[in-house]
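Report on one structure; see the data block that follows.
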Amino acid sequence: MTPKKQNRTEFVFWLAVPAVFCVYLLTRAPTVGLIDSGELAAGCYLLNILHPTGYPMWTLLGRIATLFPLGTVVNRVAVLSAFFSAVGGAFFIILLKQLGCGTSVSAAMGSILGFSIPVWSISTDVEVYSLSLALITVVWWTVATADIRKNFLFFAYVAGLTLTNHMFGLSAVLGASFVLILQEKRRLLNRLPLMLLLFLLGISPYLFLIMRARCEPVLAWGNPVDLERLWWHITGKQYRVWMFSSSLNEVLRNAGKGISLLAGGLGYVLLPFSVYGWLQLFRGLKAVALGLTISAVISFLYAVNYSIPDIEAYFIPSLVCLLIFAAVGVEGIKGSGRKFRHLVWFVALGVLAFNFRTQNRSDDWVAYDQALNTLAAVDSNATIITDWWDLYAPIFYLQQVEGVRTDVCIIDKELVRRSWYFEYLKRSYPWLMERSQLEKERFLEQLHRFEHNQTYSPVAIQESYISLLRSFFLKSPERPWYTTFSGTENEDARQLLSGFKLVPFGIVYQVREDTFVPVFDYHRLRVRLPKRKLDARTQVNLNRYRHFVKERIDLLMSRGRREEATAVADWYQQNFIQR
């Protein structure tokens, strides 16, 4: 290659990562999003304990990000997500060059990774996965080298750091450890004590959870104040019910979705190159090829056996491995046909163009509007009981960070099943806990037996749980009460709301003891529909408007209030149909 061409390819290499980062910034969500965005942003700002596994590294780095006086708090932490995804892409490109891939192919493959659905989706909102992406690429970089001995100690430290964030990094740590053991078993034994010490140093940020929990932050998820609760938290005890408990048919469906997602991440046309690349890598660096394979298989099996809706990010470690194989495969063929280098760039641009229609979240106000519309519908000093996390987390952020409608008490019905949540309720709503003290003690007594694997009665737990929730209504009659679920939604709702009347009121139900139907003007609600192709979760949240509008119209028509019903129908037509 001539010096001029060499400079040109190096320019492409250094341009790829900033370009991907700029695309993330241009397509990031303007405010708080669905799923965990609100909890994570507020958690970084307030130094809360986040949901399992706690993510201490992310919390501390996110706290630093919140100190920059640009935009809102959630904007600042979202930029951190984009930054770490870009860092992961940079190390991925360096890793490929280290494995012998050319500059152009490496940069193109890094762009394909960055514009894939699993990675792009975690880079435009507040998410912890981007930090794990950066860490696992560093992990592979430490072992995919000719002189691996230089990186023994650094690997041990980074492996520990990786495990302090999302646990999908475990698959990369296990795969990379296999590479070390296979290639350097004898020399490894001599360094093992020091490596173990550095690994413990890397994993030491988990101590932050104990120290911070004892300082009583606003929300201490899991309340890990001692070693027992710390272990429960970092091992995700409360989530185990969804792990490896699915039927075979469900696992096969998940596997089909995972394969489709990974194939799309490879732009489909790179699939055969991935197979060829594995063979090439196996011939040259057998240990690295096997380590990557182990990581990909573990990650895939974990993802398809975990029954949660937002599972796409769990396939990222597998996608990283497959793209490494594909890059090696393209490089292996390139010697007899330089056109393959251009094919990879064509795929990168195709992935960018194809995924842009679903990943551009620059006009996504769905979670923000839903939260504000809920708060706008309720009276002063209202109390809301919800089971809708996509509503609860954004409201938590708006109240705790931006100070919006702090007069409203909002309770997550499902978190009430966790003993640690009562510390939050006590700090935030002391009047609520004082009035329901007897019911709380009865429920916590039953819950303690369940959480500590002691003999317990499911009937007694359920009865005390419902009694506690009903006491929230009955012992605060001066406060207007609302729910986000109907009285027929499930058995919990039927027991909780027995004897009460529910009136659809905006996008909540007003809980009443009479049959009066108050007037509500739906023009108080603001709805901004994204122009992008909507994912399933966004559609479910937007469908809540249709559900409440239909129930409101049916109720008004049954009362002969046709004019009001027509006004509600017109509002829905203007905001959802005509757009």
Side-chain angles (χ1 to χ4, degrees), residues 88 91-103 105-106 108-110 112-113 133 135-159 162 168-192 195 199 259 262-263 265-266 270-303 315-337 340-341 344:
F91 272 100
F92 181 76
I93 293 172
I94 294 170
L95 166 63
L96 294 182
K97 287 174 63 67
Q98 191 169 274
L99 288 172
C101 298
T103 300
V105 170
S106 300
M109 284 295 181
I112 292 172
L113 175 66
L133 170 62
L135 289 169
I136 65 175
T137 54
V138 174
V139 164
W140 286 119
W141 171 72
T142 62
V143 299
T145 177
D147 192 2
I148 198 172
R149 284 168 288 177
K150 292 181 179 180
N151 295 332
F152 277 174
L153 301 181
F154 184 62
F155 167 78
Y157 177 68
V158 174
T162 302
F168 78 40
L170 178 62
S171 64
V173 171
L174 292 175
S177 298
F178 179 82
V179 177
L180 283 178
I181 294 170
L182 202 62
Q183 289 193 178
E184 302 288 342
K185 181 168 59 175
R186 292 181 180 177
R187 296 184 180 90
L188 194 62
L189 291 174
N190 296 330
R191 299 283 188 93
L192 199 57
M195 288 181 68
F199 175 79
I259 291 171
L262 293 174
L266 289 165
L270 295 179
L271 280 170
F273 291 96
S274 188
V275 176
Y276 179 69
W278 184 90
L279 294 173
Q280 289 286 96
L281 197 61
F282 187 80
R283 294 190 189 108
L285 293 171
K286 181 178 179 180
V288 174
L290 292 177
L292 288 167
T293 304
I294 289 171
S295 175
V297 171
I298 291 175
S299 172
F300 186 82
L301 292 177
Y302 178 41
F315 290 99
I316 288 177
S318 297
L319 180 60
V320 167
C321 297
L322 291 175
L323 283 172
I324 291 173
F325 294 145
V328 174
V330 170
E331 195 65 38
I333 298 175
K334 197 180 70 174
S336 58
F340 287 112
R341 179 178 61 192
V344 180

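Because the structure is a prediction, the values reported are computed rather than measured.
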OH of Y276 to CD of E331: how many Å apart, nearest 0.5 Å? 11.0 Å
Over all heavy atoms of both residues, which pair between S177 and F155 is shortest? Give the atoms and the distance, please. OG-CZ, 3.6 Å
Would you confirm whether the ring centroid of F168 sits within less than 6.0 angstrom of the ring centroid of Y302? no
What are the two closest heavy atoms between V288 and V143, and how far apart are they? CG2-O, 4.2 Å
Is the backbone N or O of A144 less than 3.5 Å from a side-chain atom of Q98, with the two atoms forming a donor-acceptor pair by type? yes
With L319 as partner, the option from I112, L133, L262 fulfilling side chain to side chain contact (heavy atoms under 4.5 Å, CB included) is L262
From L290 CG over to S295 OG, what is the distance, rounded to the nearest 0.5 angstrom? 12.5 Å
Side-chain touch F154/W141, heavy atoms, less than 4.5 angstrom: yes
Please find the pair of heavy atoms, one from I298 and one from S171, that lie closest to each other, and give the distance. CG2-CB, 3.9 Å
Pair L322-L292, side chain to side chain contact (heavy atoms under 4.5 Å, CB included): steps then yes or no: CA-CA 8 Å; L322 291 175; L292 288 167; over 6 Å; no
Nearest heavy atoms of A263 and L271, plus distance in Å: CB-CD1, 4.0 Å
Report the distance from atom OG1 of T137 to atom CD1 of I316, rounding to the nearest 0.5 Å. 11.0 Å
Side chain T162, main chain V158, donor-acceptor under 3.5 Å: yes
Distance check, rounded to the nearest 0.5 Å: F91 atom CZ versus L96 atom CG? 13.5 Å
Over all heavy atoms of both residues, which pair between W140 and A172 is shortest? Give the atoms and the distance, please. NE1-CB, 3.7 Å
Please walk me through it: do F273 and V344 pass side chain to side chain contact (heavy atoms under 4.5 Å, CB included)? CA-CA 11 Å; F273 291 96; V344 180; over 6 Å; no
Under the side chain to side chain donor-acceptor pair (under 3.5 Å) rule, collect the residues that match up with T293, sequence neighbours excluded. W278
Sequence neighbours left out, what passes side-chain contact (heavy atoms from CB on, under 4.5 Å) with L153? Give chain and number order. R191, L194, M195, L198
Note, F325 side chain near L279 side chain (heavy atom, < 4.5 Å): no
For the residue pair G102 and S106, what are the closest heavy atoms and their distance? O-OG, 2.8 Å
Residue set satisfying side chain to side chain donor-acceptor pair (under 3.5 Å) with S299, at least two apart, ordered chain then number -> S318
To the closest 0.5 Å, what do you measure between CG (L182) and NZ (K286)? 7.5 Å
Verdict with supporting geometry, L266 and L323, side chain to side chain contact (heavy atoms under 4.5 Å, CB included): CA-CA 7 Å; L266 289 165; L323 283 172; 3.3 Å; yes
Polar side-chain atom of S274 near backbone of L270 as donor-acceptor pair, under 3.5 Å: no
Do the non-hydrogen side-chain atoms of C101 and V328 ever get within less than 4.5 Å of each other? yes
Could you check Y157 against F199 for side chain to side chain contact (heavy atoms under 4.5 Å, CB included), going step by step and ending with a plain yes or no? CA-CA 5 Å; Y157 177 68; F199 175 79; over 6 Å; no
